[in-house]
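This report concerns only the one structure given below.
Numbering of ligands and ligand atoms starts at 1, following listing order.
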Amino acid sequence: MNQPASPSCAAAAPQRFALIPAAGVGARMGAKIPKQYMTLAGKPMLHHALETFAAHPRIARTFVVVSAGDGWIDELLTPELAQRISVLRVGGATRQESVLNGLNEMRAAATVGDDDWVLVHDAARPGLNAELIDRLLDTLAEDAVGGLLALPVVDTLKRGDDAQRSQETVSRAGLWAAQTPQMFRYALLQRALGEAAAQGRIGAITDDASAIEMLGLQPRLVEGSPRNLKVTLAQDAALAEFFLKG
Ligand code: C5P
């Protein structure tokens with residue numbers, strides 16, 4: 001399963017794979033279909049990220065994780081996209097479970113080495129572009145841990161109570177808002193999520209970097225972009241379209 005050792009060259013350069021968890025139902029959007037399939041700037045939301053990765057010359061293959069009963073993905077994959085994208089019908093109960101299932105499954109679908117990079121990206125972030133992928137790949141190429149796109153927090157932060165009354169102002173010094181892709185070596189990410197699952201903590205974490213942090217490692221924060229926003233609520237869709245059309 002690991003990259004075969006070549007007698008003629010030392011270590012082969014690591015490959016880069018994209019893994020897109022797209023097995024959520026998007027309950028907060030209040031729509032009838034899962035949000036990743038809602039139309040945004042003329043295409044299903046998921047289509048945007050799939051196209052961006054499929055067109056990127058430095059990404060060897062893209063894997064998309066959908067739920068076992070997903071009835072939309074086959075329609076979305078044009079023959080051209082289908083050449084560069086593998087569908088894994090192993091969605092889990094949470095995002096992190098979908099990612100872990102996808103990692104386990106992608107080895108059966110492609111030759112993936114322990115040190116190959118995996119870029120995990122939310123289907124709900126359609127604004128990702130090639131420039132942001134390159135920034136992540138270039139910054140982390142020699143990194144021992146890996147990292148993620150993120151944005152420094154600029155707002156003043158309040159901690160609210162149940163009655164929506166501010167209890168305190170929280171310092172924003174050193175705070176970043178995590179985005180995706182989150183980029184880690186295959187074996188490290190698989191171990192981090194596997195251990196979180198074994199400890200019953202996988203349901204409590206909301207991104208891949210959290211699992212890496214639980215191993216005592218510090219993922220690198222690489223500056224992302226407002227255009228890479230996550231579409232969570234209905235009103236986010238208009239802003240995402242603005243970036244996609246602009
Ligand atoms: O719901 P939220 O926006 O936090 O989901 C982030 C990403 O994780 C989305 O791409 C969603 O489809 C995916 N997800 C998943 N499996 C789940 C829940 C969410 O793949 N059980």
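Within 6.0 Å of CD in E168 there are more than 12 heavy atoms belonging to other residues, nucleotides or ligands. Open room surrounds CD on E75; 12 or fewer heavy atoms of other groups in view lie less than 6.0 Å from it. Within 6.0 Å of the CD atom in E195, the count of heavy atoms belonging to other residues, nucleotides or ligands exceeds 12.
In this structure, R125 has no heavy atom closer than 4.0 Å to ligand 1. By the 4.0 Å heavy-atom criterion, D122 is counted among the residues contacting ligand 1. Residue contacts with ligand 1: G91 is excluded, as none of its non-hydrogen atoms falls under 4.0 Å.
Counting the atoms of ligand 1 from 1 in the order shown, those under 4.0 Å from a heavy atom of A123 are 10 (O). Which parts of ligand 1 touch G92 is read off a 4.0 Å heavy-atom cut-off, strictly below it: atoms 17 (C), 21 (N). Less than 4.0 angstrom separates some heavy atom of A124 from each of these atoms of ligand 1: 10 (O).
Looking at A93 against ligand 1, only its backbone comes within 4.0 Å, counting heavy atoms. With a heavy-atom cut-off of 4.0 Å, E97 does not touch ligand 1 at all.
For a threshold of 3.5 Å applied to N or O pairs, the pair formed by V65 and ligand 1 contains no separation below that value.
Here the side chains of L128 and F53 are in contact, with some heavy-atom distance below 4.5 Å. Here the side chains of D70 and S67 are in contact, with some heavy-atom distance below 4.5 Å.
In this comparison of S98, G24, P21, the heavy atom closest to atom 9 (C) of ligand 1 sits on P21.
In this structure, a donor-acceptor pair under 3.5 Å is present between the side chains of D207 and S210.
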Applying salt bridge (Lys or Arg N to Asp or Glu O under 4.0 Å) to D236 and R125, what does each step give before you reach the verdict? CA-CA 11 Å; D236 301 331; R125 293 187 185 273; over 6 Å; no
